[in-house]
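In what follows, a single structure is set out as structure tokens and then discussed.
Counting starts at 1 for both ligands and their atoms, following the listed order. Worth knowing before you read on, the calculation uses all heavy atoms, side chains too, and leaves out hydrogens, waters and symmetry mates.
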Amino acid sequence: MKKRVFSGIQPTGDIHIGNYLGAIRNWVLSQVELDNIFCIVDLHAITVSQDPGVLKVKIREVAGLLFAAGINTAESAVFIQSHIPAHSELTWILNCFTPMGWMRRMTQFKEKSQRHKEEVSVGLFDYPVLMAADILLYDTDVVPVGEDQKQHVELARDIAQRFNFIFGETLKVPEVTIPEVGARIMGLDDPTQKMSKSEDGPGRVIYLLDSPDDIRSKIKRATTDSRREIRFDESRPGICNLLVIYELFTGLGRTEIEARWEGKGYGDFKRELAEVVVEGLSPLQSRYRELTADSTYIDSLLAEGMRRILPIAEKTLAAVKDKVGLG
Ligand code: ATP
Ligand code: LTN
């Protein structure tokens, strides 16, 4: 039996090479040995304000990029959260068994409610319970998340354990893993800041759908330092970040890379790096264009994923309703 892994990705903002090199590429490589479920969490997205037209487009765009990157429907299921009503239904039921005290401890809510002061919704407060429902519906073994989401997965474990304690063994208690990100890609304009969907300083982020010219000009303008040697030296975050991007796209070893650039200048290195990134993204971009040429194709792949996993969600929800005494 393959281990079941559940991952959620928010359809907000544009997917960038940090997401690709740090996560999506590894998902593609792991799909043979793991039973992966990828959920595009549109219900989570609306916990803060979204433009409806943009949201709809972004949902398909994220899906298209996952498929273009090599996620394959025979091995993995990709689906849209709001297409399976069991997510909302289980959230409601779990709400009724989640103590307020546990929710008040959630640090992401504290941060986000500071940031979105005027428009803090009940949904934003309930975000972690919706996430628990996502995970618990599919008998998930493992949830790989970044450090910032660890507390939410621990809450999902606590909720499952409490439910099982009250009603008897019903929900599988998932493990959380923090993948050792091979790389944390930093912003090109400011290598002390993470490359991130929600922070798009001009020239900070290379998006997966950027044109070759945009990629070239962002890399050309990338912040480095006044030294000359091209080395993997963490005390020089600008050039080091560019080298890591080069390393991941070329697959070359660090010694080999340093030897190749010995005695050469930043300008030459940046020019070659830009071509490496342009070429590295080009197959993905052409597959994306092919996949999206027929506007219904992505929807058909999503429907296929949904059909495969819907019975798992429905079975869990039915068991939960039965235990609670509903219906
Ligand atoms: P946001 O700004 O909305 O938090 P994000 O770009 O940081 O977005 P997430 O949606 O939180 O991305 O993460 C999706 C996946 O991409 C996660 O597995 C995360 O670890 C990975 N990831 C995100 N940013 C980077 C980065 N700069 N370097 C490496 N991996 C990253
Ligand atoms: N909150 C997560 C996205 C997410 C998720 C999940 C991750 C929603 N549901 C279930 C893992 C499992 C985020 O912001 N990255």
_Distance under 4.0 Å to a non-hydrogen atom of H16: what atoms of ligand 1 satisfy this?_
6 (O), 24 (N)

Name each donor-acceptor pair under 3.5 Å that joins a side chain in residues 268-276 to protein atoms two or more places apart or in another chain, with its distance.
| residue | atom | partner | partner atom | Å |
| --- | --- | --- | --- | --- |
| D268 | OD1 | R271 | NH2 | 2.8 |
| K270 | NZ | K220 | O | 2.9 |
| K270 | NZ | A222 | O | 2.7 |
| E272 | OE1 | R260 | NH2 | 2.9 |
| E272 | OE2 | Y246 | OH | 2.7 |
| E272 | OE2 | R260 | NE | 3.4 |
| E272 | OE2 | R260 | NH2 | 2.9 |
| E275 | OE1 | R216 | NH2 | 3.2 |
| E275 | OE2 | R216 | NE | 2.7 |

_Under-4.0 Å heavy-atom contact with ligand 1, by part of M186 that carries it_ = neither

*Near ligand 2, which protein residues have a heavy atom under 4.0 Å away?*
F6, G8, Q10, V41, H44, Y127, M131, D134, I135, V143, V145, Q149

*Heavy atom of Q10, distance to ligand 1 below 4.0 Å*: no

*asked:* Checking the side chain of K323 only, and the main-chain atoms of E169 only, is there a donor and an acceptor separated by less than 3.5 Å?
replied: yes

*From the options V244, T12, I185, I178, select the one whose nearest heavy atom is closest to atom 28 (N) of ligand 1.*
I185

*Are any of the N or O atoms of M195 closer than 3.5 Å to those of ligand 1?*
yes

*Pairs flagged by ring-ring contact (aromatic ring centres under 6.0 Å, His included) wherever residues 56-82 is involved - sequence neighbours left out*: F79-H87, F79-Y138

*Taking side-chain hydrogen bond (donor to acceptor under 3.5 Å, both in side chains) as the test, write out the residues that go with D51, two or more places apart.*
none

*Give the atoms of ligand 1, by number and element, whose distance to some non-hydrogen atom of G22 is under 4.0 Å.*
29 (C), 30 (N)

*T12 and Q50: side-chain donor and acceptor closer than 3.5 Å?*
no

_Minimum non-hydrogen distance to atom 12 (O) of ligand 1, winning option of N19, V145, V205_ = N19

*Has Q149 got any heavy atom lying under 4.0 angstrom from an atom of ligand 1?*
no

*Pick, from E147, K194, K197, Q193, the option with the minimum heavy-atom distance to atom 7 (O) of ligand 1.*
K194

*salt_bridge(K2, E75) N-O dist < 4.0 Å*: yes

*Would you please test R236 and D225 for salt bridge (Lys or Arg N to Asp or Glu O under 4.0 Å) and show each step?*
CA-CA 7 Å; R236 293 156 60 205; D225 51 43; 3.1 Å; yes

*asked:* I'd like to know if E304 and R307 make a salt bridge, using a cut-off of under 4.0 Å between side-chain N and carboxylate O.
replied: no

*Just let me know how A23 lines up against ligand 1, side chain, backbone, both or neither, with a heavy-atom cut-off below 4.0 Å.*
side chain

*Atoms of ligand 1 less than 4.0 Å from R184 heavy atoms?*
28 (N), 29 (C)

*Salt-bridge criterion met for D210 and K218 (N-O under 4.0 Å)*: yes

_salt_bridge(D14, K58) N-O dist < 4.0 Å_ = yes

*Ion pair E229/R227, N-O distance below 4.0 Å*: yes

